[in-house]
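Inspection log for the structure reproduced underneath, given as structure tokens.
Side chains are part of it too, since the values below use all heavy atoms of this structure and drop only hydrogens, waters and symmetry mates. Residue numbers run from 1 in the order of the sequence given.
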Amino acid sequence: AVYIFLRKIRLGLYASTVLSMAFIYCYGVLTNFSVSTNRAVVMYSVMLAANLLGKTFDLLSALSLSAFIILIQNPMQIFHAGFLLSFGAVLGISLIFPCLNRMYEAKNSFINGIYVSVSAQIFTLPAVLYFFFQLPVYSVFVNIIVVPLTTLLILTSLAAGILGIISLPSGRFLAGGAKYILGFYEIVCRLGNSLPGSLINVGRPDMIRIIIYFILVFIFIGLNGKSGKQTGKQTGKKRYLIILAVAVGILVFPKPGKGLAVAFLDVGQGDAIFMETRKGTTFLIDGGSMDVGNVGIYRIRP
């Protein structure tokens, strides 16, 4: 009887795992298997298979497998912002988060959220600056507010979609919850963007500085891990944070101009050309736009 009972549990586990994999695959199809979705689908499937087979789920192994599958399909993805940001965030959480937790143990969910956000930012910072040229100062704190509601947003939207098939008014009622969460997201992001110094224009760092940055980051990880094995949760390794500070300083410190600098600003249907000489004299040539309102306030001045 015990054998039959355990066998039924096992069969139920198989069935639930297969259904979960099928569901997550359908989600990937629904979102056209973008890079981040592809990564999530592969990693989640590996986690389900590991649980089913009684194996330990290894985050870095699953991340590597998903990267391998994506790059086999399209090797040029390795140069795209979406690939670098998605994989960089997960890699940062898996490598930096344990180091921060060893130095200052997270004793509540708020500190844990800060660690997760900072860890992701450290590994994605070079890609953010390379593709977007600006440093979002308050992004860590915005993520702490936004991320906890993501699960509720997904579940509410999913329930609204399923229930809407049966009863459209009920589906609309549940979708209202998702609408309010998205509205809250927009308020938080606009508030963060309106704070003074929310964006620092750094420019695109050259490849030498990016390489030095990652060398220092991996030195921090290596020293912290070695120190952690020797001293447990001793706090003497807090000084290694200086390495991260130096790395960030090298990456974001503006490179001095060598002569005349010319920037073409995106103002929509129109022109805005900003020039600056070595002595600091500046010129703005044109500044109009046919399709952007208050272009001076919302485009040119920022």
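- Counting non-hydrogen atoms of other residues, nucleotides and ligands closer than 6.0 Å to CZ of Phe131 gives a total above 12.
- Rounding to the nearest 0.5 Å places CD1 of Ile78 at 11.0 Å from CD1 of Ile70.
- Between Tyr115 atom OH and Ile96 atom CD1 the span is 13.0 Å, to the nearest 0.5 Å.
- In this structure, the side chains of Val137 and Ser198 stay at 4.5 Å or more apart for every pair of heavy atoms.
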Met275 vs Ile285, side chain to side chain contact (heavy atoms under 4.5 Å, CB included): CA-CA, chis, key distance, verdict: CA-CA 8 Å; Met275 301 193 304; Ile285 302 174; 3.8 Å; yes
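- Both Tyr213 and Ile211 are assigned to one and the same hydrophobic cluster, defined by single-linkage of ILVMFWY side chains at heavy-atom distances under 4.5 Å.
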Working for side chain to side chain contact (heavy atoms under 4.5 Å, CB included), residues Leu91 and Leu63: CA-CA 8 Å; Leu91 190 60; Leu63 185 68; 4.0 Å; yes
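- Here the side chains of Ile243 and Leu223 are in contact, with some heavy-atom distance below 4.5 Å.
- Residues passing the side chain to side chain donor-acceptor pair (under 3.5 Å) test with Ser66, sequence neighbours excluded: none.
- For Ser139, the side chain to side chain donor-acceptor pair (under 3.5 Å) partners at least two apart in sequence or on another chain are Gln121.
- Summarising the geometry of Ala62 relative to Val46, their closest heavy-atom pair is CB-CG1, 4.0 Å, with the distance given to 0.1 Å.
- Atoms OH and CD1, from Tyr44 and Ile24 in turn, are 6.5 Å apart once rounded to the nearest 0.5 Å.
- Here the closest non-hydrogen pair linking Ser94 and Leu60 is OG-CD2, 3.2 Å.
- Shortest non-hydrogen contact noted between Met103 and Phe220 is CE-CZ, 3.6 Å.
- For Tyr27 and Phe23, the ring centers sit 6.0 Å or farther from each other.
- With sequence neighbours left out, Arg172 forms a side-chain contact (heavy atoms from CB on, under 4.5 Å) with Leu168.
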Phe87 and Phe83: CA distance, side-chain angles, deciding distance, ring-ring contact (aromatic ring centres under 6.0 Å, His included) verdict: CA-CA 6 Å; Phe87 281 87; Phe83 179 91; 4.5 Å; yes
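- Annotation: cation-pi geometry not satisfied between Arg204 and Phe133 (NZ/CZ under 6.0 angstrom from ring centroid, within 45° of ring axis).
- Between Tyr25 and Phe33, the angle of the ring planes lies from 30° to 60°, which puts this pair in the tilted group.
- Scanning all heavy atoms of the two residues, the minimum distance from Leu153 to Leu182 falls at CD2-CD2, 3.8 Å.
- In this model, no donor atom of one side chain and acceptor atom of the other lie less than 3.5 Å apart for Ser61 and Ser64.
- Residues Val217 and Ile122 have side chains in contact (heavy-atom distance under 4.5 Å, counting atoms from C-beta outward).
- Within the 4.5 Å cutoff, side-chain heavy atoms of Leu95 are placed close to those of Phe218.
- A distance-only check finds no donor-acceptor pair linking the side chain of Tyr138 to the backbone of Asn193 [under 3.5 Å].
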